[in-house]
Visitor: 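Right, I'll just put the structure down here and ask away after.
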2 protein chains.
Amino acid sequence: MSGVLCANSIQAWAKLVRAEACVLDAVERELRAEGFPPPIWYDLLLELKAAPEHHLRPVELEARLLLKQYHLSRVIDRMEAEQLVARRKCPTDARGLHIALLPAGGALLKKMWPAYQAAIGRHFAAKLGPGEHQQLSALLDKLLP
Amino acid sequence: MSGVLCANSIQAWAKLVRAEACVLDAVERELRAEGFPPPIWYDLLLELKAAPEHHLRPVELEARLLLKQYHLSRVIDRMEAEQLVARRKCPTDARGLHIALLPAGGALLKKMWPAYQAAIGRHFAAKLGPGEHQQLSALLDKLLP
DNA sequence: GTAATTTTGATGCAATCGCATCTTTTGTCA
DNA sequence: TGACAAAAGATGCGATTGCATCAAAATTAC
């Protein structure tokens with residue numbers, strides 16, 4: 001089953017790790033410098049906003065954002081402390097929760113978008129040519145579950 | 001300068017972050033389960049081994065591995081505690097150091113390679129087609145400094 | 001030559017992560 | 001039904017990260 005990986009594979013692997021770290025770090029740093037929370041907060045809020053009734057269960061958020069269970073649990077702690085989201089009882093499963101979008105969450109989403117977009121544009125999008133975003137997307141799709 | 005990013009860019013961005021996290025996490029988890037240290041230790045040892053006299057300065061390691069200064073400083077702490085590398089005085093710059101590869105470091109490199117290779121193969125390389133590794137490499141190169 | 005600036009590396013402290021485990025509730029199957 | 005396994009979330013604790021800052025040496029400027 002195994003054998004030897006070719007040099008191309010190893011190099012692609014190394015570049016994936018390095019490039020992502022480099023770009024994500026630049027974006028996070030830029031957002032933080034402007035007083036914004038980390039990108040994952042934005043992503044989470046966006047998922048909630050896109051959801052049918054502006055709420056999702058943690059399990060669903062885990063799957064969409066690919067977060068680990070304990071990680072998400074703590075992100076929600078912090079966002080709840082900032083009144084961005086609220087934990088509500090889930091009516092159909094007593095084990096579960098609804099994570100609901102609060103007004104302040106919607107407001108942050110709006111306020112953060114220009115900065116987030118600019119950061120992604122500067123540190124990521126601008127470095128690729130026109131068709132390359134889709135090309136990269138297609139390749140990364142194969143790596144996703 | 002700015003304007004609006006197209007949906008393709010945003011999606012590619014999101015996939016880059018998610019896919020990398022997903023794959024790196026799987027590889028790290030697998031190595032850890034077999035009792036090995038994190039991949040960055042391997043990468044660092046490999047850089048040292050490839051270096052002319054099996055030693056490099058922290059600044060050089062930072063640049064090659066794209067690590068932050070304080071991060072690298074602490075990684076070296078841990079690796080030094082395990083006798084994998086040693087901090088030596090740098091003869092040409094009294095501020096600096098030589099990080100030297102120790103025998104145990106070389107041994108770990110050898111011992112770890114099969115596991116590392118297998119993990120990368122399983123969680124990354126196997127998911128891409130023959131030419132796609134190079135294709136991905138080329139795209140990621142544009143994101144690197 | 002000396003003062004100001006930059007570079008290199010370390011570290012205190014607070015925030016975050018990762019693992020393992022716990023509680024509660026659901027689902028399965030005899 | 002009743003026992004047993006699986007799923008959803010929370011959390012204690014130790015390890016790691018990130019920021020800010022420090023000290024020491026090299027470089028630059030005057």
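Within every chain, numbering begins at 1; the chains are lettered A, B, ... in the order of the sequence lines, protein sequences first and strands thereafter. Below, each value reflects all heavy atoms present in this structure, side chains not excepted, and no hydrogens, waters or symmetry copies. Source: prediction; values computed, not measured.
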Visitor: Between D:dT27 atom C1' and B:D93 atom CG, what is the distance in whole Å?
Guide: 11 Å

Visitor: Return the value, rounded to whole Å, for the distance between atom CZ of B:R32 and atom P of D:dG14.
Guide: 16 Å

Visitor: Starting from the 5' end of DNA chain C, give me the residue, B:E28 or A:A94, whose nearest nucleotide shows up first.
Guide: B:E28

Visitor: Counting C-beta onward and ignoring hydrogens, is there a side-chain heavy-atom pair between B:Q135 and A:L139 closer than 4.5 Å?
Guide: yes

Visitor: Please report, rounded to the nearest Å, how far the P atom of C:dT16 is from the CG atom of B:D25.
Guide: 19 Å

Visitor: For the side chain of A:H133 and the backbone of A:A125, is there at least one donor-acceptor N/O pair under 3.5 Å apart?
Guide: yes

Visitor: Rounding to an integer number of Å, can you tell me how far B:H98 NE2 sits from C:dG9 P?
Guide: 10 Å

Visitor: In this structure, how many angstroms lie between the C1' atom of D:dA25 and the NZ atom of B:K89, rounded?
Guide: 13 Å

Visitor: Heavy-atom count check: over 12 atoms from other residues, nucleotides or ligands less than 6.0 Å from B:E60 CD?
Guide: yes

Visitor: Between C1' on D:dA8 and CD1 on A:I99, what's the gap in Å once rounded to a whole number?
Guide: 11 Å

Visitor: Would you kindly check whether a donor in the side chain of A:R95 faces an acceptor in the base of D:dA7, or vice versa, at under 3.5 angstrom?
Guide: yes

Visitor: One pair to check against salt bridge (Lys or Arg N to Asp or Glu O under 4.0 Å): B:D43 and A:R18. What are the steps and the verdict?
Guide: CA-CA 11 Å; B:D43 299 344; A:R18 307 261 195 289; 3.8 Å; yes

Visitor: So if I take residues 51-83 of chain A and measure heavy-atom distances to DNA chain C, which residues fall below 4.0 Å?
Guide: A:K68, A:Y70, A:H71, A:R74, A:R78

Visitor: Can you measure A:R87 atom CZ to D:dA8 atom P for me and round it to whole angstrom units?
Guide: 16 Å

Visitor: Please walk me through it: do B:R122 and B:E30 pass salt bridge (Lys or Arg N to Asp or Glu O under 4.0 Å)?
Guide: CA-CA 10 Å; B:R122 185 165 17 255; B:E30 187 168 320; 2.5 Å; yes

Visitor: Please determine whether a side-chain nitrogen or oxygen atom of B:R29 lies at a distance below 4.0 Å from atom OP1 or OP2 of C:dG18.
Guide: no

Visitor: Are B:V75 and B:L44 close enough that some pair of their side-chain heavy atoms sits under 4.5 Å apart?
Guide: yes

